[in-house]
Amino acid sequence: MPRITDLEILEIRKVFEEALNQARRADKRQKMRMRRKIRDEVYNLLTWEKPTPTGIMNRWEERLQDIFKVMPYGFKEELFKMLIDKMQNPLRIKKT
């Protein structure tokens with residue numbers, strides 16, 4: 001698996017941000033804390049040598065479980081599908 005690029009990181013953050021804006025079960029202060037946790041976890045992906053969609057989601061389910069509880073229904077599955085699409089896109093694989 002190739003590494004995740006900066007543009008993909010920004011896109012993942014945008015998906016989290018849109019879902020967090022739709023969340024009704026958290027107040028403004030909670031959302032600010034959640035944004036910080038999300039930012040830290042998403043930018044941590046830049047340090048991973050060979051990330052996999054399953055590995056990423058396992059880590060996030062463990063560390064961001066309180067955030068996933070307030071997200072809209074189906075968000076986690078949508079995020080997982082997006083990670084798979086981004087990381088297995090044939091255009092990203094370098095030809096040797």
Side-chain angles (χ1 to χ4, degrees):
M1 289 277 150
R3 295 181 77 168
I4 295 179
T5 64
D6 293 342
L7 290 175
E8 291 169 337
I9 293 290
L10 292 174
E11 195 169 330
I12 292 169
R13 274 196 67 202
K14 183 178 178 183
V15 168
F16 267 108
E17 182 66 31
E18 289 172 358
L20 196 57
N21 286 338
Q22 294 175 2
R24 300 283 182 228
R25 291 181 272 174
D27 64 9
K28 191 174 184 178
R29 182 171 281 158
Q30 289 173 323
K31 286 183 181 182
M32 286 173 48
R33 287 188 198 118
M34 289 178 187
R35 283 184 182 97
R36 185 182 72 232
K37 285 178 74 173
I38 291 167
R39 182 188 64 234
D40 292 346
E41 285 299 319
V42 170
Y43 281 116
N44 188 17
L45 292 178
L46 291 173
T47 63
W48 288 27
E49 289 251 349
K50 295 181 181 179
T52 62
T54 306
I56 292 169
M57 285 305 293
N58 287 340
R59 178 182 171 100
W60 286 351
E61 285 175 351
E62 182 180 308
R63 296 191 177 227
L64 303 176
Q65 60 187 338
D66 55 333
I67 294 171
F68 284 128
K69 287 180 184 176
V70 300
M71 291 298 192
Y73 179 77
F75 171 74
K76 197 182 329 181
E77 291 79 18
E78 179 185 319
L79 182 66
F80 185 61
K81 287 178 186 176
M82 185 186 80
L83 286 172
I84 290 172
D85 290 343
K86 292 208 166 299
M87 297 179 79
Q88 294 181 350
N89 186 353
L91 298 176
R92 288 194 63 205
I93 299 173
K94 294 181 180 177
K95 295 180 182 177
T96 55

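Numbers for residues simply follow the sequence, beginning at 1. Side chains included, hydrogens not; waters and symmetry mates left out as well; all remaining heavy atoms used.
- With values rounded to the nearest 0.5 angstrom, Leu7 atom CG is found 11.0 Å from Ile12 atom CD1.
- Within a 6.0 Å sphere centred on NZ of Lys81, heavy atoms belonging to other residues, nucleotides or ligands number 12 at most.
- Side-chain contact check for Ile4 versus Lys86: every heavy-atom pair is 4.5 Å or farther apart.
- Listed for the Gln22 side chain is no donor-acceptor partner under 3.5 Å among the backbone atoms of Ala19.
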Problem set entry | Worked verdict on Trp48 versus Arg59 for side-chain contact (heavy atoms from CB on, under 4.5 Å) | CA-CA 12 Å; Trp48 288 27; Arg59 178 182 171 100; 3.2 Å; yes
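- The pair Glu41-Arg63 counts as a salt bridge, with a side-chain nitrogen and a carboxylate oxygen less than 4.0 angstrom apart.
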Exercise. Met71 and Lys76: side-chain contact (heavy atoms from CB on, under 4.5 Å), yes or no, with the steps?
Worked result: CA-CA 8 Å; Met71 291 298 192; Lys76 197 182 329 181; over 6 Å; no
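- Remark: the backbone N or O of Lys31 is not paired with any side-chain donor or acceptor of Arg36 at under 3.5 angstrom.
- Across every non-hydrogen atom of Ile67 and Lys37, the tightest pair is CD1-CB, 3.9 Å.
- Separating the CD atom in Glu11 from the OG1 atom in Thr5 is a distance of 8.5 Å, to the nearest 0.5 Å.
- One N or O on the side chain of Gln30 and one on the backbone of Asp27 form a donor-acceptor pair closer than 3.5 Å.
- Counting heavy atoms from C-beta outward, Val42 and Leu10 have side chains that stay 4.5 Å or more apart.
- Residues Trp60 and Phe80 keep their aromatic ring centres 6.0 Å or farther apart.
- Counting only heavy atoms from C-beta outward, the side chains of Leu83 and Thr54 never approach each other to under 4.5 Å.
- How far CD1 of Ile38 is from CG of Leu20: 5.0 Å, rounded to the nearest 0.5 Å.
- If you run side chain to side chain contact (heavy atoms under 4.5 Å, CB included) between Phe68 and each of Val70, Asp66, Leu64, only Leu64 comes through.
- The shortest distance between side-chain heavy atoms of Arg13 and Tyr43 falls below 4.5 Å.
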For this session: Could you go through the side-chain contact (heavy atoms from CB on, under 4.5 Å) check for Val15 and Met82 one step at a time?
Result: CA-CA 10 Å; Val15 168; Met82 185 186 80; 3.6 Å; yes
